[in-house]
Structure formats: structure tokens, C-alpha cells
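To start, the structure under review is shown below, and the notes come after it.
Computed from heavy atoms alone, side chains included, the values below leave out hydrogens, waters and symmetry copies. Only a predicted model underlies this, so the values are computations on that prediction, with no experimental measurement involved.
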Amino acid sequence: MKTYEMLYVLDAAATDEAKDAFVKKFEDVVTAANGKVVSTDKWGVKKLAYPINYKNDGYYVLMTFEAEAAVVKELDRVAGLSSEVLRRMITVKD
């Protein structure tokens, strides 16, 4: 298994419960596929470099996890279906 990092930006206007639900949802995708979540860092609300969907602020979350390559595809698919996820990026950690 490789170690990956997923940085994603949620809509800052979402409630705290909704933000926590998304964090748990992505962690559950990893653990359901026999992966391991190493850490989840909630960076909080920050100004976006440019407006996305007419929004200027986003809630940033960095999740580090160990999993197989198929989990990365599933995470990307699940995040793409969620309208509250403004942007996401998954990279292999060295």
C-alpha cells in the first residue's frame, strides 16, 4: 500500500455538521476498502485564490491515508459527485 494525501476544499457556507459529515464520509471510503487513515488536518476557512462557483472562501481539509490505487479512484468519484466539494487533489506522498 502507498501513502496518499487528499486535499479538498468544501463550501465554507456549509454547516459544521455537514463539514464533519464529509470528512467522515471520505475517511469511511478509505477504511471500507481496508485502507488506513493516518491523519486528517482541518485547516479551516481560507480565502480562495480565485472565485469558484461565485464563492470566495473555502474550508480546507488535508487527509493522509494508506491504501491501494483503487481507493484513490473511488475517493475521486465520491468527491466529484458532491456539490459541496469545490476542489480536490489526491497525490502520492513520498
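- Think of L48 as one node in a network of Ile, Leu, Val, Met, Phe, Trp and Tyr side chains linked at under 4.5 Å; its network also takes in L7, V9, W43, Y50, I52, Y60, L62, L86.
- Residues T64 and K93 have side chains in contact (heavy-atom distance under 4.5 Å, counting atoms from C-beta outward).
- S39 contributes atom OG, which lies 8.0 Å from atom CD of E5 (distance to the nearest 0.5 angstrom).
- Atom CD of E66 and atom NZ of K36 lie 5.0 Å apart (nearest 0.5 Å).
- Heavy-atom neighbours of M1 CE from other residues, nucleotides or ligands within 6.0 Å: above the threshold of 12.
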- Task: Start with the C-alpha distance between K24 and D28, add both sets of side-chain angles, then the distance that settles salt bridge (Lys or Arg N to Asp or Glu O under 4.0 Å), and finish with yes or no.
- Result: CA-CA 6 Å; K24 180 161 176 26; D28 289 345; 3.2 Å; yes
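- Note: Y8 OH to M63 CE = 6.0 Å, rounded to the nearest 0.5 Å.
- Scanning all heavy atoms of the two residues, the minimum distance from K19 to D11 falls at CE-O, 3.9 Å.
- A salt bridge links E74 with R77: at least one charged nitrogen is closer than 4.0 Å to a carboxylate oxygen.
- You'll find the side chain of T3 stays beyond 4.5 Å of the side chain of F65, heavy atoms only.
- Classification of D76 and R88 as a salt-bridged pair holds, one side-chain N sitting under 4.0 Å from a carboxylate O.
- Checking side-chain atoms of N53 against main-chain N and O of K55 turns up no donor-acceptor pair under 3.5 Å.
- A side-chain contact (heavy atoms from CB on, under 4.5 Å) with F26 is found for one member of V37, L75, V61 and no other, namely L75.
- Using a distance-only test at 3.5 Å, with no hydrogens or angles considered, no donor-acceptor pair links the side chain of S82 to the main chain of V85.
- In summary, K42 and D20 engage in a salt bridge, as defined by a charged side-chain N under 4.0 Å from a carboxylate O.
- Here M6 contributes atom CE and T40 contributes atom OG1; the two are 10.5 Å apart, rounded to the nearest 0.5 Å.
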